[in-house]
Amino acid sequence: MEELNQLLLKVPDCYTDFVYGIMDIARDYPNRLYDIKQFIKDNPEAGTSDIGLWIMKEIRGLDPDNPPKMLIEDD
């Protein structure tokens with residue numbers, strides 16, 4: 001996890017909540033830690049939004065272009 005922390009701190013537009021958020025995701029998906037680190041290493045110019053979008057798609061399985069339908073219930 002320390003290696004991931006160091007990689008995140010080198011992201012061009014890094015900020016504290018970004019680092020904490022990605023570290024939390026890595027803890028939630030420990031089997032994907034290598035993939036997260038490798039994406040950052042392979043894309044040194046990637047900003048926080050690029051990394052966040054990749055994690056949303058590849059780790060969490062969410063597609064921002066095709067979001068799940070919302071269920072609205074009346075009380």
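Please read all numbers here as calculations on a predicted model, not as lab measurements. We count residues from 1, following the sequence as given. These values consider heavy atoms only, across backbone and side chains, with no hydrogens, waters or symmetry-generated copies.
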**Item:** Stepwise side-chain contact (heavy atoms from CB on, under 4.5 Å) test for V19 and L9
**Value:** CA-CA 7 Å; V19 175; L9 291 173; 4.0 Å; yes
**Asked** So does E45 have more than 12 non-hydrogen atoms from other groups sitting under 6.0 Å from CD?
**Response** no
**Asked** Shared ILVMFWY cluster between L62 and I22, side chains joined below 4.5 angstrom?
**Response** no
**Item:** Single-linkage hydrophobic cluster W54~M56, side-chain heavy atoms < 4.5 angstrom
**Value:** no
**Request:** Calculate, to the nearest 0.5 Å, the distance between atoms CG and NZ belonging to L4 and K41 respectively.
**Result:** 10.0 Å
**Request:** Any chance you could measure D28, atom CG, to M23, atom CE, to the nearest 0.5 Å?
**Result:** 12.0 Å
**Message:** Looking at D65, is its backbone amide N or carbonyl O close enough to the side chain of D63 to form a donor-acceptor pair, meaning the two atoms are under 3.5 Å apart?
**Reply:** yes
**Request:** Determine the minimum heavy-atom distance between C14 and L8, stating which atoms define it.
**Result:** SG-O, 3.3 Å
**Asked** Does a sphere of radius 6.0 Å around NZ in K10 hold more than 12 heavy atoms from other residues, nucleotides or ligands, not counting ones at 6.0 Å or beyond?
**Response** no
**Asked** In terms of hydrophobic clusters joined by side-chain contacts under 4.5 Å, are F18 and L53 together?
**Response** no
**Request:** Check the pair F39, E58 against side-chain contact (heavy atoms from CB on, under 4.5 Å), reporting the backbone distance first and the verdict last.
**Result:** CA-CA 10 Å; F39 177 80; E58 300 298 323; over 6 Å; no
**Asked** Linking I/L/V/M/F/W/Y whenever their side-chain heavy atoms sit closer than 4.5 Å, directly or via other members, would I40 and M1 fall into one cluster?
**Response** yes
**Message:** To check you understand the geometry: which heavy-atom pair defines the closest contact between P12 and A46, and what is its length?
**Reply:** CD-O, 3.4 Å
**Asked** What is the distance from atom CG of D17 to atom OG1 of T48, rounded to the nearest 0.5 Å?
**Response** 11.0 Å
**Request:** Check the pair Y15 / D13 against side-chain contact (heavy atoms from CB on, under 4.5 Å), numbers first and verdict last.
**Result:** CA-CA 7 Å; Y15 55 95; D13 58 341; 5.7 Å; no
**Request:** Begin with the C-alpha distance, continue with both residues' side-chain angles, and end with the deciding distance and a verdict on side-chain contact (heavy atoms from CB on, under 4.5 Å) for Y20 and I25.
**Result:** CA-CA 9 Å; Y20 289 148; I25 290 168; over 6 Å; no
